[in-house]
Amino acid sequence: MSRFWSPVVHGLTPYVPGEQPKLANLVKLNTNENPYPPSPRVLDAIRTELGNDADRLKLYPDPTGTQLKAAVARHFDVAPEWVFVGNSSDEVLAHTFQALLKHDAPLLFPDITYSFYPVYCGLYGIDFEALPLDEQFAIRVDDYLSRGADKVGGVIFPNPNAPTGRLLALDEIARLAEGLPDSPIVIDEAYVDFGGLDAIPTAVALVKRHPNVLVTQTLSKSRSLAGLRVGFAIGQPALIEALTRVKDSFNSYPLDRLALVGASAALDDEAYFEQTRRQVIASRETLSNDLAGLGFEVLPSAANFVFARHPAHDAAALAAALRERSIIVRHFKAARIDQFLRITLGTDAQCALLVQALKDILA
Ligand SMILES: *Cc1c(COP(=O)(O)O)cnc(C)c1O
């Protein structure tokens, strides 16, 4: 507290990110990073960018991110005018809250979801209501529709949801977008690339038909680039223009030169992307089975983490016991989910260490 603070700062409840401990030899399964390195083409592109001309860093980067937008557009088969790029999807989401989700009627999102959403509402003064997930932690689209089309300022949720990992089917999202035609519907697809083996269930498939749907994605998870901070949004040009207006009223150069070339290279390496996302999906099926074998109840996950509880063991105690064995997972002290652990998929070797540690702890 300080008398120098603006009134809005006094009222903030900031987001608390998962910890990034400096310890060596940690099995780090707490913040949904990818266990595999990024495509080798990313490093090549960054080295080339630096090596071409040592003087290059003295110049501002491309304020529009044209090369990266083109790479996103190619990957999704949309026009570049349908793409917005930003310094992480958290930044893209922040701009989205300010540009599209602040209206007289409240913003709606699930009671159990990404805990950054209420933080942005606090920062931008957005009224919101959290609607309960059902008993199996699924989103009930009818709860949103029954509000009435003119009483919803907007809707946002991750798909798959976080931290549950549960996926809402695309036809349900289409039903929501159709039933609330005057409300922006934002689908935060941080984990969608882990949502299906042969087809990725992305709502980008809906943006052509639904002018109110905006999809956000990140390169932090499925592209192994959490350290580079790159995210993007896809929607019809009117939505993209709103984001660009906010961005150009905030920071004209959100992506630095290295991020722009590295992210473009990652998006262009489709073969590497397919290989790593399939490996993570395969590991998820193995870990889910192993945890079930230890008596855990594991929610069906479409993400790069699993959400699980043990009927006979307190989740906080389990997390503490794992930590003593140098394995960190995420535990949320929140209503309805305080008996769950969110466990990020590691390599198969890391998952095996986790399963062995849990066996020892439960014994
Ligand atoms: C990780 C995550 C993000 C943020 O991704 P960044 O691009 O690293 O900021 C956004 N939404 C959800 C649901 C996430 O889990």
Side-chain angles (χ1 to χ4, degrees), residues 14-20 28-35 38 42 65 68 72 83-97 101 107 109-121 123 130 133 137 139 155-168 173 185-195 201-203 214-234 243 247 250-251 254-256 258-260 262-263 266-267 277 280 284 299 301-307 329-330 332 334 337 340 342-345:
Y15 177 75
V16 183
E19 57 174 329
Q20 299 288 347
K28 192 176 175 306
L29 308 176
N30 68 327
T31 52
N32 297 344
E33 289 136 329
N34 201 303
V42 172
L68 177 57
V72 173
V83 179
F84 177 83
V85 295
N87 187 331
S88 79
S89 73
D90 283 341
E91 184 185 86
V92 174
L93 287 167
H95 290 344
T96 301
F97 273 71
L101 300 178
L107 171 66
F109 50 76
D111 62 338
I112 297 164
T113 195
Y114 189 33
S115 50
F116 225 134
Y117 300 159
V119 174
Y120 293 132
C121 288
L123 179 61
L133 297 175
F137 297 107
I139 291 172
V155 177
I156 184 168
F157 55 85
N159 199 40
N161 197 7
T164 64
R166 296 220 51 185
L167 185 77
L168 185 68
I173 297 176
I185 310 291
V186 179
I187 313 298
D188 173 357
E189 295 189 334
Y191 303 104
V192 78
D193 292 328
F194 305 108
T202 173
L214 184 82
V215 176
T216 66
Q217 290 197 9
T218 174
L219 276 73
S220 296
K221 278 86 181 217
S222 60
R223 307 278 176 170
S224 310
L225 286 173
L228 204 64
R229 313 306 298 130
V230 181
F232 56 88
I234 298 177
L243 296 177
K247 170 237 171 206
F250 177 81
N251 178 1
L255 288 152
D256 64 61
L258 308 185
L260 286 171
L267 280 156
R277 74 175 195 93
V280 169
R284 178 180 74 214
L299 294 191
S301 171
N304 69 337
F305 55 83
V306 296
F307 205 49
V329 300
R330 193 98 191 251
F332 298 93
I337 57 169
F340 280 85
R342 192 196 68 188
I343 305 169
T344 305
L345 268 302

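Both ligands and their constituent atoms are indexed starting at 1 by order of listing. Just so it is clear, the structure is predicted and the values come from calculations on it, not from any experiment.
Contacts with ligand 1 closer than 4.0 Å are made by side-chain heavy atoms of A190 only, the backbone lying farther away. Contacts between R229 and ligand 1 below 4.0 angstrom, taking non-hydrogen atoms only, involve the side chain exclusively. The parts of S89 lying near ligand 1 are both backbone and side chain, judged by heavy-atom distances below 4.0 Å.
A perpendicular orientation is assigned to the rings of Y191 and F305, their planes being inclined by more than 60° (bins at 30° and 60°). F137 and F340 have perpendicular rings, their planes meeting at more than 60° on a 0 to 90° scale where under 30° would count as parallel.
Using a 4.0 Å cut-off to heavy atoms of S220, the atoms of ligand 1 that qualify are 6 (P), 7 (O), 8 (O).
Among protein heavy atoms, the minimum distance from atom 13 (C) of ligand 1 is reached at D188 OD2, 3.3 Å. Scanning the protein heavy atoms around atom 15 (O) of ligand 1, the nearest turns out to be Y191 OH, 2.5 Å.
Polar contact check, K221 against ligand 1: a nitrogen or oxygen pair lies under 3.5 Å apart. The N/O atoms of Y114, backbone and side chain alike, include none that comes under 3.5 Å of an N/O atom in ligand 1.
No side-chain donor-acceptor contact under 3.5 Å links N30 to the backbone of G18.
F250 is linked by a ring pair (Phe, Tyr, Trp, His ring centres under 6.0 Å) to H95, counting only residues two or more places apart in sequence or in another chain.
Ligand 1 is never approached by F116 to a heavy-atom distance shorter than 4.0 Å.
Judged by distance alone, the side chains of D188 and Y117 do bring a donor and an acceptor atom under 3.5 Å apart.
A heavy-atom distance below 4.5 Å is found between the side chains of F157 and I173. Taking 4.5 Å as the limit, some side-chain heavy atom of I156 sits within range of a side-chain heavy atom of L101.
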